[in-house]
Amino acid sequence: MGMFQSFNISASGMTAERFRTDIIAENVANVNTTRTADGTPYRRKIVTFQEKDVTPFSNVLANTRQTQVGNGVKVSRVADDTSTDFTMKYDPSHPDADENGYVSYPNVNIVTEMTNLIDASRAYEANVTAFDASKSIAQAGLQIGK
């Protein structure tokens with residue numbers, strides 16, 4: 001693995017986790033949005049990661065004598081959470097209430113979002129630590145040549 005490749009792997013992880021944090025912030029900001037541009041309540045968004053530049057298994061198998069090195073992570077998609085239902089609350093005075101007086105609120109759970117935010121924050125910190133370790137190794141290598 002090249003020296004700069006380890007920097008790139010850590011940097012891609014930090015970028016992906018920062019993007020995940022932005023999506024979590026968007027979810028939290030829209031926790032009470034009962035009507036979007038299409039007339040429905042806001043739907044929670046989920047970020048999915050995947051490995052960058054995935055090598056097909058046949059190529060890995062053909063090159064078994066060569067060392068396989070990771071290439072980092074990237075955001076593969078941002079999808080709406082359709083597995084959880086909207087929260088229904090009785091509020092007949094609300095302008096978005098249905099004929100029975102119920103309002104559909106977004107499927108955003110603040111506890112879940114805060115847990116995901118802590119997870120993203122810790123993953124970001126882990127990538128910063130790995131980046132700093134790579135930097136220290138590179139600096140130590142330069143000191144040897146002094």
Quick one: pull up CD in Glu113 and CG in Asn30 and give me the separation to the nearest 0.5 Å. 10.5 Å
Nearest 0.5 Å, please: how far is CD1 in Ile137 from CG in Leu142? 12.0 Å
Spacing of CE belonging to Met114 relative to OG belonging to Ser121, to within rounding of 0.5 Å: 10.0 Å
Do Arg43 and Pro106 come close enough that some side-chain heavy atom pair is under 4.5 Å? no
Is any side-chain heavy atom of Asp119 less than 4.5 Å from a side-chain heavy atom of Arg20? yes
Considering only residues two or more places apart or on different chains, which pairs with a residue in residues 122-146 satisfy ring-ring contact (aromatic ring centres under 6.0 Å, His included)? Phe7-Phe131
Tell me every residue that passes side chain to side chain donor-acceptor pair (under 3.5 Å) with Asn116, counting only those two or more places apart in sequence or in another chain. none
So, Asp91 versus Ser93: side-chain donor-acceptor pair below 3.5 Å or not? yes
Indicate yes or no: at least one non-hydrogen side-chain atom of Tyr105 is less than 4.5 angstrom from one of His94. yes
Check: Lys74 and Phe19 side chains under 4.5 Å, non-hydrogen atoms: no
If the condition is ring-ring contact (aromatic ring centres under 6.0 Å, His included), which residues does Tyr102 pass it with, not counting sequence neighbours? Tyr90
Evaluate Thr21 against Leu117 for side-chain contact (heavy atoms from CB on, under 4.5 Å), listing each step before the verdict. CA-CA 6 Å; Thr21 302; Leu117 183 62; 3.6 Å; yes
Are the side chain of Asp98 and the backbone N or O of Gly101 linked by a donor-acceptor pair below 3.5 Å? yes
So how far is it from Ser12 OG to Lys52 NZ, rounded to the nearest 0.5 Å? 4.5 Å
Are side-chain N/O atoms of Asp81 and Thr84 paired as donor and acceptor at under 3.5 Å? yes
Taking every heavy atom of Gly72 against every heavy atom of Ile9, the minimum-distance pair comes out as N-CG1, 3.7 Å
Going through the checks in order, is the side-chain contact (heavy atoms from CB on, under 4.5 Å) test met by Phe86 and Arg44? CA-CA 10 Å; Phe86 293 125; Arg44 176 177 179 257; over 6 Å; no
Quick check: is Met14 connected to Val73 through a chain of hydrophobic side chains (ILVMFWY, heavy atoms under 4.5 Å apart)? no
Sequence neighbours excluded, which residues qualify as side-chain contact (heavy atoms from CB on, under 4.5 Å) partners of Val31? Val108, Ile110
Any residue meeting side-chain contact (heavy atoms from CB on, under 4.5 Å) with Asp22, in chain and number order, not counting sequence neighbours: Arg18
Min side-chain heavy-atom separation Asn71-Gln5 under 4.5 Å: yes
Has the side chain of Thr115 got a donor or acceptor atom that lies under 3.5 Å from a matching backbone atom of Val111? yes
With sequence neighbours excluded, what pairs up with Asn127 under the side chain to side chain donor-acceptor pair (under 3.5 Å) test? none
dist Asn107:CG -> Lys45:NZ (nearest 0.5 Å) comes out at 10.0 Å
Say whether Ile46 and Val78 are linked into one hydrophobic cluster, either directly or through other cluster members, by side-chain heavy-atom distances under 4.5 angstrom. no
Regarding Tyr42 and Asn32, is there a side-chain donor-to-acceptor distance under 3.5 Å anywhere? no
Side-chain touch Val103/Met88, heavy atoms, less than 4.5 angstrom: no
Polar contact flag, side-chain donor to acceptor under 3.5 angstrom, Asp38-Thr36: yes
Return the CD to CZ distance between Glu17 and Arg122, rounded to the nearest 0.5 Å. 12.5 Å
